[in-house]
Protein chains: 2
Amino acid sequence: MQILNNTVSRIERIDFSLAEETQQRLDRLTKPQGSLGRLEELAKQVVEITRVHSPDLTHKVVFVMAGDHGVTAEGVSAFPKEVTPQMVYNFLKGGAGINVLARHVGARVVVADLGVAVDLASHSGLIVRKVNYGTGNMSKGPAMTRQDAVRSIENGIEIFEAEYKKGVNLAATGEMGIGNTTAASAIVAAITGLAVEAVTGKGTGIDIAAWQKKVAVIGQALLVNKPDPKDGIDVLAKVGGFEIGGLVGVILAAAARRVPVVVDGFISSAAALVAVVIEPKVKDYLIASHASVEIGHKIVWEYLSLRPVLDLNLRLGEGTGAALAMGIVEAGVKILTRMSTFETAGVASQVTQ
Amino acid sequence: MQILNNTVSRIERIDFSLAEETQQRLDRLTKPQGSLGRLEELAKQVVEITRVHSPDLTHKVVFVMAGDHGVTAEGVSAFPKEVTPQMVYNFLKGGAGINVLARHVGARVVVADLGVAVDLASHSGLIVRKVNYGTGNMSKGPAMTRQDAVRSIENGIEIFEAEYKKGVNLAATGEMGIGNTTAASAIVAAITGLAVEAVTGKGTGIDIAAWQKKVAVIGQALLVNKPDPKDGIDVLAKVGGFEIGGLVGVILAAAARRVPVVVDGFISSAAALVAVVIEPKVKDYLIASHASVEIGHKIVWEYLSLRPVLDLNLRLGEGTGAALAMGIVEAGVKILTRMSTFETAGVASQVTQ
């Protein structure tokens, strides 16, 4: 709990006072004022977060955390849980969607086992911070103990800190865990108070009957566990997952280090929600990467008042949408730092009428 | 007219028969089927256009064409027309928004003078294919002769062809021309038959009174010139611009070479509309880059049944939105060509229920 408390205590409000000065700099660049819309907003947010006048986002890191879910015993997923370790190996070999997209935007991928149900073969690229061999079946009791919830968050913090030493200018979240959309829906229903049906989607691709079962299982989990919506750790412990806890830790640690965090899909957004419940100041460090097909995703963005950068009908997770959005965020920052001003370019800026 | 006719005659229907086979390949990749949404659609479109099984989009080129507009005499723009040549110099020095964003996605920028009102200082990076020193004031007569309209298109074709010899896997359109949103609105009103008010926006940033004047000027131009909506060259000649004609040429030439074209903002979309009127098969070669703030932009996308890739509240032009979208298109193609399959990665693909 010491690591978590220390991290949270270091999170400061972002410096909104830098917005005006940054907008003035943007307005001196050779373009009509405000004409680069969202790119300008992203540049301003990065300055407010980092408090760096001309940020450089060279070091981009996608944190991909894996964990298994006991609730898969209820048949809530379209894929068998063996896919979790198989996909971790795929990440390590560089053949998954997140590897391709991270390379495309020049980001590193950090792969960590927070709670896969089997022991994974050792690999130089794999960080093993396993809290347990998968969570318990949340429809019958808590997914994990409160102690393990804290441990998963602290593992995430330590993974971020180790990476921060190598350089992290922009962080993104990603995950792999068969069954984790079920956990994410339960978290979002618990924290927002919305009906389970309103926040539960088709995950990786289930039919109507399976969806109804998923909704019933989540309803049961909330009934059995009664998570306290004001206590993020309680929600995580009762209906969360180890990889989700790890991402909560990454988000808190990034905020404490003034590093902007690009939040990926629905599961990542549920982790962001838990982080914001733990420390509301975290919200302003977040960038919503994309609007996914999962219905609960949109609800989380609205609840956090975040507007997604992209809308590409993605529903893969792993950090794929966040990686693409990182490219857009970096583009915004380059606009601020690399464009010529009217003065240096010798371009007239005055309005003629 | 020979060059234009030859180019148009070489444009074939894209090969829709490749979609199914490509989707099957996408479905063997380590991800739930269809879970990369728009990225998968873009990859399929690129295969249908290029007829290449595993396309490579290394050579990305943004064609930025500049020209002046006689209609600026009516006071329709927020910037003086001297900004057109000043911005061309800015493009050549690499300090404009398009330079920054093209570098960000690894694209080359090709800068061409199709009809700037002054002679520009020579520069190794500047292609001079000037048709005339700015167009005529379209509110008083045609913007250019039909012969000059054809010449502007053929100049665009030849600029593309010269660049194609160096390698163009993916093309994007961009432009600079103070007053050219007025021309674009006139083109869109002429071709779609919609009211001028419905397709006219604030350009680089004018107030209500100036907007009303702009609408009146465009209405006058349509009344005086009566462009034939079925004749793309007639529309271009009467209410278009030289840089817009150049982009029509780039689009036609790219389609003839089976190169996908990412269409930028409102002015570029008006050029795309003219190209589609000239040869309807061109439509399937186009990728709508983004939904800009200009109201007419959305109307063109709907008219062409194209769905924009990005929505970032941009309204700069120059090719900036297209450059960003090129990065997303290339990401989609890399998903197709660089991800592992379930088989090679040893990941279970079967559904368990």
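Numbered from 1 within each chain, the chains take letters A, B, ... in sequence-line order.
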Where on B:K334 is there a heavy atom nearer than 4.5 Å to chain A: the side chain, the backbone, both, or neither? both
Would you compute the distance between atom [atom1] of [X] and atom [atom2] of [Y] and round it to the nearest 0.5 angstrom?
| X | Y | atom1 | atom2 | answer |
| --- | --- | --- | --- | --- |
| B:I98 | A:T30 | CD1 | OG1 | 12.0 Å |
| B:F342 | A:N90 | CZ | CG | 9.0 Å |
| B:L42 | A:L312 | CG | CG | 8.0 Å |
| B:Q33 | A:R315 | CD | CZ | 9.0 Å |

Can you pull out every side-chain hydrogen bond (donor to acceptor under 3.5 Å, both in side chains) where at least one residue sits in residues 318-332 of chain A? Sequence neighbours excluded, please. A:K60-A:E330
Which region of [X], side chain (C-beta onward) or backbone (N, CA, C, O), has a non-hydrogen atom less than 4.5 Å from a non-hydrogen atom of chain B, or is it both or neither?
| X | result |
| --- | --- |
| A:V105 | neither |
| A:L310 | side chain |
| A:I335 | both |

Restricting to non-hydrogen atoms, name the atom on B:P32 and the atom on A:L316 that form the minimum distance, rounded to 0.1 Å. CD-CD1, 3.5 Å
Residues B:T344 and A:K93: closest non-hydrogen pair is O-NZ, 4.3 Å
Run the side chain to side chain contact (heavy atoms under 4.5 Å, CB included) test on B:L314 and A:S35 for me, step by step, so that the C-alpha distance in whole Å, both residues' side-chain angles and the decisive distance to 0.1 Å come before the verdict. CA-CA 6 Å; B:L314 309 179; A:S35 61; over 6 Å; no
Among residues at least two apart in sequence or on other chains, which ones pass side-chain hydrogen bond (donor to acceptor under 3.5 Å, both in side chains) with B:E175? B:N180
Would A:D311 and B:D311 count as a side chain to side chain contact (heavy atoms under 4.5 Å, CB included) if you check the C-alpha gap in whole Å, the side-chain angles of each, and the deciding distance to 0.1 Å? CA-CA 8 Å; A:D311 185 358; B:D311 186 358; over 6 Å; no
Exam field: side chain A:Q86 to backbone B:A345, donor-acceptor pair closer than 3.5 Å: no
